[in-house]
Protein chains: 2
Amino acid sequence: MEHRIDRIKKQLHSQSYKLTPQREATVRVLLEREDDHLSAEDVYLLVKEKAPEIGLATVYRTLELLSELKIVDKINFGDGVSRYDLRKEGAKHFHHHLVCTECGSVEEIEDDLLEDVERIVQNEWGFQVKDHRLTFHGICKQCQTITVNASS
Amino acid sequence: MEHRIDRIKKQLHSQSYKLTPQREATVRVLLEREDDHLSAEDVYLLVKEKAPEIGLATVYRTLELLSELKIVDKINFGDGVSRYDLRKEGAKHFHHHLVCTECGSVEEIEDDLLEDVERIVQNEWGFQVKDHRLTFHGICKQCQTITVNASS
DNA sequence: TTTTATATTTATAATAATTATAGTTTAAGT
DNA sequence: ACTTAAACTATAATTATTATAAATATAAAA
């Protein structure tokens, strides 16, 4: 973890931003909950445990900054809140999501499934792809078995 | 257009909803601006031209209802507003979007580019896909040429 | 046609998420 | 230590969306 914090620190410094204690605490929360998809409010509450004096606005600003630097990605699953998702280190593309409409769980897919599709978009539409957002809505493995059991 | 309104009317009736004048006016706006990606506020302002007495809440409720019936899709391009996008008649899947980070334009792709990917998700992750959201961020054809010209 | 019950609407208030502001603190560079 | 700019806290303001109450419209039953 320290290693990643160090790298993020350097990324900030390279754009002449500082890694303040508040920012560091925020990053630590994101690292600790890497698989989750926290809202700004969620992050705020968790950061408060480490740094009780932090303000909500600071969390918003920090998340915004981390977004700009492509350290986190801001996503929206349609429930009215933005969620913040740490990019895997060195990941070239933003990972995909599987959102279960039954239980609300969110699974991540790291594999880049869009290489072919992006090539098509590039060639046939002349659109120069820089990034993407891909989310599938459906029923997760677990809920499928539950449904089967319940109906038997 | 009348034909499509009629079909939507039937869809509503089949779930025992009514096509009130306000709802019809809203649907007409969506049909007239089929290629746009209007926010609730946008729709409200346009509907007001046809039916000045309509309230904003009614527009929200109507759009919500149309979403449930899968007549429109609610999308979010990350700018804090939900946008509503009419499904093409008979379309099985939700179309994809190309959002230009330079000029903000939004292009639609009707082709289903995700058949293979969905198969993989289904087979390898055991996730039963019901719907998807795919948006590419990048530079549209037009902005690419402008950029080239500007820098020459 | 009148009555009745229900769905829907308007107008407005409330809520929730996010952003802006003012004054204070912190930290880096001289 | 001194100066300057960045960043912070606390709070107010804004924006998008949802909920509520009273009024209206609509379809079905009498």
Side-chain angles (χ1 to χ4, degrees), chain A residues 8-29 37-69 71-85, chain B residues 8-29 37-69 71-85:
Chain A
I8 290 170
K9 188 174 190 172
K10 276 174 196 143
Q11 268 184 277
L12 285 165
H13 284 165
S14 76
Q15 316 259 333
S16 54
Y17 291 115
K18 304 168 193 169
L19 183 65
T20 63
Q22 292 88 341
R23 286 177 183 166
E24 183 173 334
T26 305
V27 169
R28 279 182 192 278
V29 163
H37 300 83
L38 305 172
S39 67
E41 185 78 28
D42 294 338
V43 173
Y44 172 62
L45 294 173
L46 289 165
V47 175
K48 267 187 103 94
E49 294 173 9
K50 292 179 198 300
E53 76 293 348
I54 201 170
L56 177 57
T58 301
V59 171
Y60 270 101
R61 258 175 323 212
T62 301
L63 292 171
E64 188 58 36
L65 177 61
L66 295 173
S67 281
E68 271 167 35
L69 298 179
I71 293 166
V72 306
D73 280 296
K74 193 174 176 181
I75 36 172
N76 193 302
F77 293 132
D79 60 349
V81 267
S82 294
R83 297 178 179 280
Y84 298 86
D85 201 355
Chain B
I8 289 169
K9 188 173 190 172
K10 276 175 195 144
Q11 267 185 278
L12 285 166
H13 284 165
S14 76
Q15 316 259 333
S16 53
Y17 291 115
K18 303 168 193 169
L19 183 66
T20 64
Q22 292 88 342
R23 285 177 183 166
E24 184 174 333
T26 305
V27 169
R28 278 181 193 279
V29 163
H37 300 82
L38 305 172
S39 68
E41 186 78 28
D42 294 337
V43 174
Y44 172 62
L45 293 173
L46 290 166
V47 174
K48 267 186 103 92
E49 294 173 8
K50 292 179 199 300
E53 76 293 347
I54 202 171
L56 178 57
T58 300
V59 171
Y60 270 102
R61 257 172 319 192
T62 301
L63 292 171
E64 188 58 37
L65 177 61
L66 294 173
S67 282
E68 271 167 34
L69 298 180
I71 293 166
V72 306
D73 280 296
K74 193 174 174 180
I75 36 172
N76 194 302
F77 292 133
D79 60 350
V81 269
S82 294
R83 297 179 179 279
Y84 298 85
D85 202 355

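FYI, side chains are in, hydrogens and waters are out, and symmetry mates aren't considered; it's all heavy atoms of this structure.
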*5' precedence on DNA chain D between B/K74 and A/T62 (nearest-nucleotide basis)*: A/T62
*Figure out the NE2/P separation between A/H13 and C/dA27, and round it to whole Å.*
12 Å
*Atom-to-atom span, NZ of A/K18 to C1' of C/dT26 - whole angstrom*: 7 Å
*Has the side chain of A/R83 got a donor or acceptor atom that lies under 3.5 Å from a matching backbone atom of A/F77?*
no
*asked:* Counting the atoms with a prime plus P, OP1 and OP2 as sugar-phosphate, which does B/S82 contact under 4.0 Å by heavy atoms, base, sugar-phosphate, or nothing?
replied: sugar-phosphate
*To the side chain of A/T58, which of D/dT17, D/dT9, C/dT8 is closest?*
D/dT9
_5' priority, DNA chain D, between B/L56 and B/P21 [closest heavy atom]_ = B/L56
*Which nucleotide in C/dT9, D/dA7, C/dT8 has an atom nearest any side-chain atom of B/R61*: C/dT9
*Taking the nucleotide of DNA chain C with the closest heavy atom to each, which residue, A/E41 or A/A57, is nearer the 5' end?*
A/E41
*Given D/dT18, C/dT18, C/dT10, which nucleotide is nearest the side-chain atoms of B/Y60?*
D/dT18
*Test log, rule side chain to side chain contact (heavy atoms under 4.5 Å, CB included), inputs A/E24 and A/K9*: CA-CA 9 Å; A/E24 183 173 334; A/K9 188 174 190 172; 6.0 Å; no
_Students often get this wrong, so: under 4.0 angstrom with heavy atoms, is B/R23 touching a base, only sugar-phosphate, or nothing?_
sugar-phosphate
_Please classify the nucleic acid contact of A/T20 as base, sugar-phosphate, or nothing, using heavy-atom distances under 4.0 Å._
sugar-phosphate
